[in-house]
Novice: 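Below is one structure. I have some questions about it.
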Amino acid sequence: MLDKQYQAKDHEAKIYKMWLDHDCFSPDSEISQNLNKKSKKANESFSIIMPPPNANDPLHVGHAMFVTLEDIMIRFARMQGKDTVWIPGTDHAGIETQFVFEKKLKKEGKSRFNFDRETLFKMIWDYVSENSAVAVDQIKQLGASADWSRYKFTLDKDIVETVTETFIKMNQDGLVYRANRLVNFCPKCGTAFSNLEVDHKEQDTSLYYIKYGPFTLATTRPETKFGDTGLAVHPDDKRYQKYIGQEIEVEGLNGNFKLKVIADDFVDPKFGTGVVKITPYHDFNDFAAWQRHKDELPEPIQIVDFEGRLTATAGKYAGLKIAIAREQVIKDLEEKGLLVKIDKNYHNNLSVCYRCGNPIEPLPLPQFYIKVKSLTNSVIKKIDQGEIKVFGAGHDKILRHWLETLEDWNISRQIVWGIRLPIWYEIDKNLDAQITFIDQEKNRVSGKLADLLKENSIEEIRAGLQNISARIEANYLISQENPGERYLQETDTFDTWFSSSQWPFVTLINNKPGDFERFYPTNTMETAYDILMFWVMRMLMMGIYKTGQTPFKNIYLHGLIRDAKGLKMSKSKGNVVNPMEISEKYGTDALRMALVIRSSAGLDKSVGDADFKAGRNLSNKLWNASRFILITREENQVNQPINCAHDQVFKEKLKQITKDVTKNLESFQLGVAADTLYNEFWHWFCDQCIEESKKGLINQDLMLDGLKTFLKLLHPFIPFVTEAIWQELAKENLVEDKILTSSAWPE
RNA sequence: GGACAAUUAGCUCAGUUGGUUAGAGCGCACGAUUCACAUUCGUGAGGUCACAAGUUCGAGUCUUGUAUUGUCCACCA
């Protein structure tokens with residue numbers, strides 16, 4: 001006899017263990033093979049590569065969403081008898097993780113500067129190892145029917161090798177180059193970012209009007225004036241015609257200097273005074289202008305360093321942090337009578353680091369870039385050929401827009417937690433490289449390689465190495481292996497997205513023999529729309545580049561999970577839902593149902609306590625309907641009418657529901673499928689049919705069949721309670737298949 | 001400035017080839033109950049489907065425009 005209430009807690013862990021014990025999630029196990037044998041779809045492969053969560057972080061509700069949706073797809077495909085695999089993994093999450101680790105170091109009174117890069121890497125490795133079981137255990141708790149024997153981590157040796165091989169191949173194909181351009185540099189995090197990783201924040205600031213010789217010009221960044229190498233006006237601006245091409249004398253804070261006036265139509269004559277100072281190394285527009293007028297203008301000057309301080313060129317302001325330097329400069333300009341006025345109500349957008357929120361500095365840095373044009377074109381072609389379907393409320397158009405406008409991809413990051421670039425500098429040819437290392441006395445030493453070698457051996461430098469900045473003209477070798485004793489490896493690591501963009505094929509190439517041929521291209525990529533361009537777009541580019549095929553046929557994008565009122569979840573608002581707490585309190589099935597029911601691809605979804613309760617109630621309802629059917633069988637087994645009045649109608653309706661749900665699932669209408677099942681089960685099967693069966697209008701065996709059908713149809717959505725009930729039926733010998741997870745989908 | 005969405009019951013949201021009386025959860029009102037389930041059951045109230053025009057025998061659904069909200073991108077120093 002079943003309990004009156006279904007207690008999720010008493011069943012879930014046991015059931016998950018049973019699935020694992022029977023190897024239900026592996027496509028190679030006996031139980032899976034048996035299921036395939038019975039199916040007409042055994043030749044179809046169905047694979048999903050799990051978006052690897054950050055190995056270091058506990059799961060949030062967004063993870064619960066992807067686990068739910070992907071598990072539904074996988075369980076459905078598996079029950080259909082397809083050759084099904086879901087490959088799980090975790091991500092080293094370069095910047096995220098190093099940022100968290102550095103915060104921890106700071107609490108201990110240390111920083112990344114105290115350690116050589118190898119020691120620091122090892123410390124982070126150990127830290128991540130300690131925590132990485134948490135994410136995996138939580139994914140399991142959410143019922144994920146992933147094949148854990150195929151689990152991968154982005155820093156696994158074989159993965160790293162394949163990722164760097166791809167880079168080497170790209171280099172051979174002429175897709176890699178090194179360039180000295182402005183990058184988005186975060187002085188706080190100590191690394192450059194791609195354009196995609198920069199946030200923009202509206203701010204109120206001041207616009208300063210400053211005297212520049214015969215001109216007055218407006219700027220928000222007076223502290224960069226020491227890096228000015230020219231002035232620009234609009235070519236048609238009548239006010240300034242006579243100055244174009246002239247050199248003018250400017251009174252400055254560090255003495256007088258000369259600037260050439262150029263004409264360029266990027267200048268808006270209506271903004272400020274229509275005169276712009278050109279500071280190529282600290283402003284993207286100015287850099288572009290300098291490149292257009294290279295022959296007219298002198299070499300740019302770097303006035304801000306990588307720690308956010310003014311350089312020696314700034315004279316008495318050298319070493320000051322930007323904000324302080326700005327105040328000082330303004331004060332001094334005012335004293336000298338060079339400050340004309342300040343517009344204090346100026347409003348603009350400031351670029352900030354998406355990670356730490358501090359201002360991003362445009363700074364010149366030699367970095368490795370990937371030419372993207374041929375890659376994006378190949379993706380567009382595949383889309384045009386209809387090889388990729390996007391489910392997600394207009395995001396296909398956004399994807400296309402990105403593919404058409406994407407700029408070359410800066411893949412160098414100045415952090416240690418990642419895959420080191422397979423770039424090698426020959427020592428004797430790069431004696432002018434700038435090196436920072438920890439010497440044997442634990443002192444941090446910086447300087448030119450040639451100078452450092454006078455006091456230290458190359459082994460000492462290599463062992464304590466923190467950073468190499470080779471000149472843009474530097475010779476380098478690209479090689480998987482260390483080319484020899486007289487080489488130093490580049491200290492930059494790959495952008496995390498460079499490795500994760502290869503995830504679909506690296507996880508298959510470096511897995512069980514034959515997996516790549518068997519499961520690639522994967523069927524569906526399911527992830528949140530907010531990483532469409534970071535990840536999905538790049539997976540398409542890299543997948544097609546490396547394999548000639550799209551890495552997946554379908555892209556299902558889910559939205560943000562919001563709170564009950566539709567507000568974004570955030571720690572500061574205190575409205576963050578911890579999926580694990582919900583799972584403990586109401587059951588994993590309740591959580592899953594609340595997330596998926598009536599959800600729509602590409603649209604945000606709000607959930608709250610009421611939704612979780614509704615989910616829990618469904619589990620209980622299912623449990624009790626089963627309880628009723630089992631009880632009445634025991635009590636009434638001998639004496640049941642064979643043909644009842646509503647039998648035929650019942651069968652037809654059941655068939656229709658099966659057909660509808662199957663169709664919904666096949667067309668990625670997961671939210672509709674869940675809604676249909678919820679309503680038909682509760683309001684038709686329970687409220688109507690069970691009541692009618694009590695009156696003898698529906699045959700009891702038929703009711704059992706109906707229950708079994710609903711258990712199967714509901715199983716992908718709420719796997720635990722359906723399996724728990726199935727096991728009760730199995731005890732009574734009422735089912736053929738021992739395990740619901742590995743049973744066939746109804747027709 | 002550009003693009004993409006959304007707008008349906010008090011709240012949060014479904015409604016995919018246009019087709020009877022537009023649905024769910026929660027909330028609300030009234031009632032029931034030792035009979036599988038109070039994590040229950042029954043009955044009910046509540047909607048000019050943002051607005052306007054158009055296509056059509058027929059529009060929540062298609063077209064155009066407007067408004068509001070949101071997201072993404074770009075950005076003038």
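Naming convention: chains lettered A, B, ... in sequence-line order (proteins, then strands); numbering from 1 in each chain.
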Novice: Return the pairing partner of B:rU55 with a 3.5 Å limit on both distances, Watson-Crick or G-U wobble; otherwise return none.
Specialist: none

Novice: Just how far, in rounded Å, is P of B:rU7 from CG of A:D604?
Specialist: 13 Å

Novice: In whole angstroms, how far is the C1' atom of B:rC76 from the CG atom of A:L217?
Specialist: 13 Å

Novice: What integer number of Å spans the C1' atoms of B:rC13 and B:rC57?
Specialist: 33 Å

Novice: Go through it in stages, so that I can follow the logic: the residues are A:Y212 and A:T273, the test is side chain to side chain contact (heavy atoms under 4.5 Å, CB included), and I'd like the CA-CA distance, side-chain angles, deciding distance and then a yes or no.
Specialist: CA-CA 11 Å; A:Y212 263 68; A:T273 58; over 6 Å; no

Novice: Checking contacts here: which listed nucleotide (B:rG25, B:rC41, B:rC76) is nearest the side-chain heavy atoms of A:K621?
Specialist: B:rC41

Novice: In the structure shown, which nucleotide is the Watson-Crick or G-U wobble counterpart of B:rG18, with both distances under 3.5 Å?
Specialist: none

Novice: Decide yes or no, distance alone: a donor-acceptor N/O pair under 3.5 angstrom between the base of B:rC37 and the side-chain of A:N620.
Specialist: no

Novice: Quick one: label A:K270 by what it contacts on the DNA or RNA (base, sugar-phosphate, nothing), any heavy atom closer than 4.0 Å.
Specialist: nothing

Novice: Remember a base hit wins even if backbone is also touched, and classify A:D283 as base, sugar-phosphate or nothing at under 4.0 Å, heavy atoms.
Specialist: nothing

Novice: So, A:Y240 versus A:F215, ring centres under 6.0 angstrom or not?
Specialist: yes

Novice: Taking the P atom in each of B:rU61 and B:rU43, what is the distance between them to the nearest angstrom?
Specialist: 31 Å

Novice: Applying a 4.0 Å non-hydrogen cut-off, can you work out what A:S667 is touching in the nucleic acid: base, sugar-phosphate, or nothing?
Specialist: nothing

Novice: Using the C1' atoms only, state how far B:rA22 lies from B:rU8, rounded to an integer number of Å.
Specialist: 8 Å

Novice: In whole angstrom, give the distance that lies between atom NZ of A:K9 and atom P of B:rU39.
Specialist: 18 Å

Novice: May I ask you to evaluate whether A:H683 reaches the phosphate of B:rG25, defined as a side-chain N or O under 4.0 Å from OP1 or OP2?
Specialist: yes

Novice: Do A:R221 and A:E361 sit within salt-bridge range, that is, some charged N less than 4.0 Å from a carboxylate O?
Specialist: yes

Novice: In the structure shown, which nucleotide is the Watson-Crick or G-U wobble counterpart of B:rA45, with both distances under 3.5 Å?
Specialist: none

Novice: Report yes if at least one side-chain N or O of A:K694 is closer than 4.0 Å to OP1 or OP2 of B:rA36; otherwise report no.
Specialist: yes

Novice: Can you check the distance between B:rG70 and B:rG15, where both ends of the measurement are the P atom (answer in whole Å)?
Specialist: 23 Å

Novice: Which whole number of Å gives the distance between the C1' atom of B:rA59 and that of B:rG19?
Specialist: 10 Å

Novice: Side chain of A:R598 only, please: which of B:rA6, B:rA24, B:rC76 is the nearest?
Specialist: B:rA24

Novice: Return no unless some side-chain N or O of A:W682 is found under 4.0 Å from OP1 or OP2 of B:rC41.
Specialist: yes

Novice: Report the distance from atom CG of A:D199 to atom P of B:rA74, rounded to the nearest whole Å.
Specialist: 11 Å

Novice: Could you check whether A:W402 gets within reach of a base, just the sugar-phosphate, or nothing at all, counting any heavy atom under 4.0 Å?
Specialist: sugar-phosphate

Novice: Return whichever of A:V267 or A:F668 has its heavy-atom-nearest nucleotide of RNA chain B closer to the 5' end.
Specialist: A:F668

Novice: May I ask you to say what A:Y6 touches in the nucleic acid, namely base, sugar-phosphate or nothing, with a heavy-atom cut-off under 4.0 Å?
Specialist: nothing

Novice: Contact class for A:A625 vs. all strands (heavy atom < 4.0 Å): base, sugar-phosphate, or nothing?
Specialist: base

Novice: Work out how far the C1' atom of B:rG47 is from that of B:rU21, and round it to whole angstrom.
Specialist: 13 Å

Novice: Nearest whole angstrom, please: distance from the P of B:rG42 to the CD1 of A:I690.
Specialist: 12 Å

Novice: Return the pairing partner of B:rG60 with a 3.5 Å limit on both distances, Watson-Crick or G-U wobble; otherwise return none.
Specialist: none

Novice: Please determine if a side-chain N or O atom of A:N624 lies less than 4.0 Å away from the OP1 or OP2 oxygen of B:rU40.
Specialist: no

Novice: Side-chain donor or acceptor of A:K4 under 3.5 Å from a matching atom on the base of B:rC37?
Specialist: no

Novice: What do the steps show when you test A:D611 against A:K605 for salt bridge (Lys or Arg N to Asp or Glu O under 4.0 Å), and what is the final call?
Specialist: CA-CA 11 Å; A:D611 302 289; A:K605 162 100 179 155; 5.8 Å; no

Novice: Does a side-chain N or O from A:S600 land closer than 4.0 Å to OP1 or OP2 of B:rG15, or not?
Specialist: yes

Novice: Scan A:D268 against the nucleic acid and name what it touches under 4.0 Å (heavy atoms): base, sugar-phosphate only, or nothing.
Specialist: base

Novice: For B:rA24, give its Watson-Crick or G-U wobble partner with both distances under 3.5 Å, or none.
Specialist: B:rU12

Novice: Taking atom C1' in both B:rU7 and B:rU20, what distance in whole Å separates the two?
Specialist: 27 Å

Novice: Identify the nucleotide, in any strand shown, that forms a Watson-Crick or G-U wobble pair with B:rC72, with both distances under 3.5 Å; if there is none, say none.
Specialist: B:rG2

Novice: Which is more 5' along RNA chain B, the nucleotide nearest A:A610 or the one nearest A:V607? Just name the residue.
Specialist: A:V607

Novice: Run the salt-bridge test on A:E691 and A:K695 with the 4.0 Å N-O cut-off and return the result as yes or no.
Specialist: no

Novice: Could you tell me whether A:F650 and A:W684 have their ring centroids closer than 6.0 angstrom?
Specialist: yes

Novice: Rounding to an integer number of Å, can you tell me how far A:Y529 OH sits from B:rG70 P?
Specialist: 13 Å

Novice: Write down the partner of B:rA32 under the Watson-Crick or G-U wobble criteria, each distance required to be under 3.5 Å.
Specialist: B:rU40

Novice: At less than 4.0 Å, is any side-chain N or O atom of A:H200 found next to OP1 or OP2 of B:rA74? Yes or no.
Specialist: yes

Novice: Just checking A:H234 against A:F266, ring centres under 6.0 Å apart?
Specialist: no

Novice: Please determine, for the side chain of A:R562, which listed nucleotide (B:rA36, B:rG25, B:rG70) has the closest atom?
Specialist: B:rG70

Novice: Tell me the interatomic distance from A:N184, atom CG, to B:rA74, atom P, rounded to whole angstroms.
Specialist: 10 Å

Novice: With sugar-phosphate meaning primed atoms plus P, OP1 and OP2, does A:K397 contact a base, only sugar-phosphate, or nothing at under 4.0 Å between heavy atoms?
Specialist: sugar-phosphate

Novice: What's the gap between B:rA52 and B:rG25 when it is taken at their P atoms, as a whole Å value?
Specialist: 31 Å

Novice: Would you call A:R239 and A:D237 a salt bridge, using N to O less than 4.0 angstrom?
Specialist: yes

Novice: How would you label the contact of A:N348 with the nucleic acid (heavy atoms, under 4.0 Å): base, sugar-phosphate, or nothing?
Specialist: sugar-phosphate

Novice: Tell me which one of A:Q203, A:K201, A:E202 satisfies side-chain hydrogen bond (donor to acceptor under 3.5 Å, both in side chains) with A:N348.
Specialist: A:Q203

Novice: Centre-to-centre under 6.0 Å for A:Y529 and A:H395, is that the case here?
Specialist: yes

Novice: In terms of side-chain heavy atoms of A:L603, which of B:rG70, B:rA36, B:rA14 is nearest?
Specialist: B:rA14

Novice: May I ask which nucleotide in the shown strands pairs with B:rA50, Watson-Crick or G-U wobble, both distances under 3.5 Å?
Specialist: B:rU66

Novice: Whole angstrom is fine here: how far is it from NZ in A:K585 over to P in B:rU39?
Specialist: 14 Å

